[in-house]
There are 2 protein chains.
Amino acid sequence: MAASAPETLTIVDAETVHVDAPAGHKAEIRLWLRLLTCTMTIETSIRRKLRERFDVTLPRFDLMAQLEKAPDGMTLGELSKRMMVSNGNLTGLVERLAAAKLVDSRASETDRRAQIVRLTAEGRAEFAAMAVEHESWVAEMMRGLSPGEVETLMRLLAKLKRSAHIALSADEKPAEGKNGAAS
Amino acid sequence: MAASAPETLTIVDAETVHVDAPAGHKAEIRLWLRLLTCTMTIETSIRRKLRERFDVTLPRFDLMAQLEKAPDGMTLGELSKRMMVSNGNLTGLVERLAAAKLVDSRASETDRRAQIVRLTAEGRAEFAAMAVEHESWVAEMMRGLSPGEVETLMRLLAKLKRSAHIALSADEKPAEGKNGAAS
DNA sequence: GAAAATTATTTTAAGCTTAAAATAATATGA
DNA sequence: TCATATTATTTTAAGCTTAAAATAATTTTC
């Protein structure tokens, strides 16, 4: 069951076996590094442009982008899940954006534990301006891909995402035992 | 020439046009978000496991991984370029790893500005142990992809990387003028 | 062989990020 | 109802990260 044990025995030739670690997953490691490189390259460029053009940080833009999709606001927990960052991180981020009058954060009427965060009118306008350029920057960086290639990447990355989530859930519940062995 | 102007007019049907921003690059934005999600999912998992199993942070692991490929050491500038992080970032990272006796940093003999960083014997041993498990974690998360799919992703991400670099260099030199208009 | 330009790194100030512990409000169950 | 568990967030401590300014060494140019 341990992830470190080579359970799936892929047949490899002798060369590959003795050069690599037990199971020889070099292709996967190279793919992971390439994925990281692509993401970092694009992200670094976007970060720089957001600062130059709008004097805003990427995390702030990302937070505003989430809120823009939720006119009725969103709790911190929801934001945390969607942005894939820690809860504590958001507390500070929201505080700073609230200080800049771009978002508004207030306790929920029905559950006083929850904070509901919304874009202010100013935040919405500011985001709209940024989003237009942001979209064109991304498109420009992907200009070398054909529509078909974009489509293929979408499909394969969706598959990778599913695959990663399966691995995730597999090691987050090392022992189950209670509700039967199903699913 | 501006990245924000819709230069490449892709023919789209009326529905799509009026819903989207000027040039309608929704597919590209969605691909970018998916790329980000995949990377963050895998990275978060690796970060957690490195901490649990080896009590080490991801940036430290990444730095050691770079040094492992350079037995004769590497300058900070070289590390900065390869890891795609800022120069100042590395100063602190190397200091902390040096304090832990995992790397060794000393001024170059031939250029006293440059610091040359190397893994210590202890660092090399520590990294070797981590690398084995790291490789299997990554492979596990990619288990749902066939070898052919891994190959296709490699190829298309390489293309995306090139495309992004072209866009990068296009706006890093807004005016050239000196060495002729060639290339 | 100096002045000027370049290169490599460090410092600084601010902000981002995480994991873990603490706080506070709600839900659950005897 | 009251104790217990759960949920949502904040706080804390440490470390990561960046951009920009400062420092220091080397190279270029006259």
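Note: hydrogens, waters and symmetry copies are ignored here, and every other heavy atom, side chains too, is used. Predicted, not measured: the structure shown is a model, and the values here were computed from it.
With contacts defined as side-chain heavy-atom distances shorter than 4.5 Å, the pair Asp104(B)/Leu119(B) does not qualify. For the pair Glu126(A)/Met130(A), a side-chain contact is recorded, criterion being any heavy-atom separation below 4.5 Å from C-beta on. At least one side-chain heavy atom of Lys49(B) sits less than 4.5 Å from a side-chain heavy atom of Ser45(B). Looking only at side-chain heavy atoms (C-beta outward), Met83(B) and Leu90(B) come within less than 4.5 Å of each other. Counting only heavy atoms from C-beta outward, the side chains of Thr75(B) and Leu79(B) never approach each other to under 4.5 Å. Residues His134(B) and Trp32(A) meet the side-chain proximity criterion, which asks for heavy atoms closer than 4.5 Å. Residues Val117(B) and Met74(B) have side chains not in contact (no heavy-atom distance under 4.5 Å, counting atoms from C-beta outward).
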If you apply the rule ring-ring contact (aromatic ring centres under 6.0 Å, His included), what do you find for Phe127(B) with Phe61(B), and how did you get there?
CA-CA 7 Å; Phe127(B) 177 76; Phe61(B) 176 82; 5.3 Å; yes

How far apart are the C-alpha atoms of Glu151(A) and Arg155(A), what are their side-chain angles, what is the distance that settles it, and do they pass the salt bridge (charged side-chain N to carboxylate O under 4.0 Å, His left out) test?
CA-CA 6 Å; Glu151(A) 173 66 23; Arg155(A) 184 172 52 78; 5.8 Å; no

Classify every nucleotide of nucleotides 16-23 of chain C by which part a protein heavy atom approaches to under 4.0 Å, writing B for the base, S for the sugar-phosphate alone and - for neither, in 5'-to-3' order.
SSBS----

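Of the residues in residues 70-77 of chain B, those lying under 4.0 Å from DNA chain C by heavy-atom distance are Thr75(B), Leu76(B), Gly77(B). Of the residues in residues 105-120 of chain A, those placing a heavy atom less than 4.0 Å from an atom of DNA chain D are Arg113(A), Ala114(A), Gln115(A), in numerical order.
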Sub-3.5 Å pairs of nitrogen or oxygen atoms, protein against nucleotides 2-4 of chain C:
none

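Atom CD of Glu95(B) and atom P of dT12(C) are 12 Å apart (whole Å).
Listed by first and then second residue, the side-chain hydrogen bond (donor to acceptor under 3.5 Å, both in side chains) pairs that reach into residues 51-70 of chain B are Arg48(B)-Glu52(B), Arg53(B)-Glu133(B), sequence neighbours excluded.
In terms of the side chain to side chain contact (heavy atoms under 4.5 Å, CB included) criterion, residue partners of Ala164(A) (sequence neighbours excluded) are, by chain and number, Thr41(B), Ile42(B), Met141(B).
Under 4.0 Å is where a charged nitrogen must lie from a carboxylate oxygen, and between Lys26(B) and Glu135(A) at least one such pair does.
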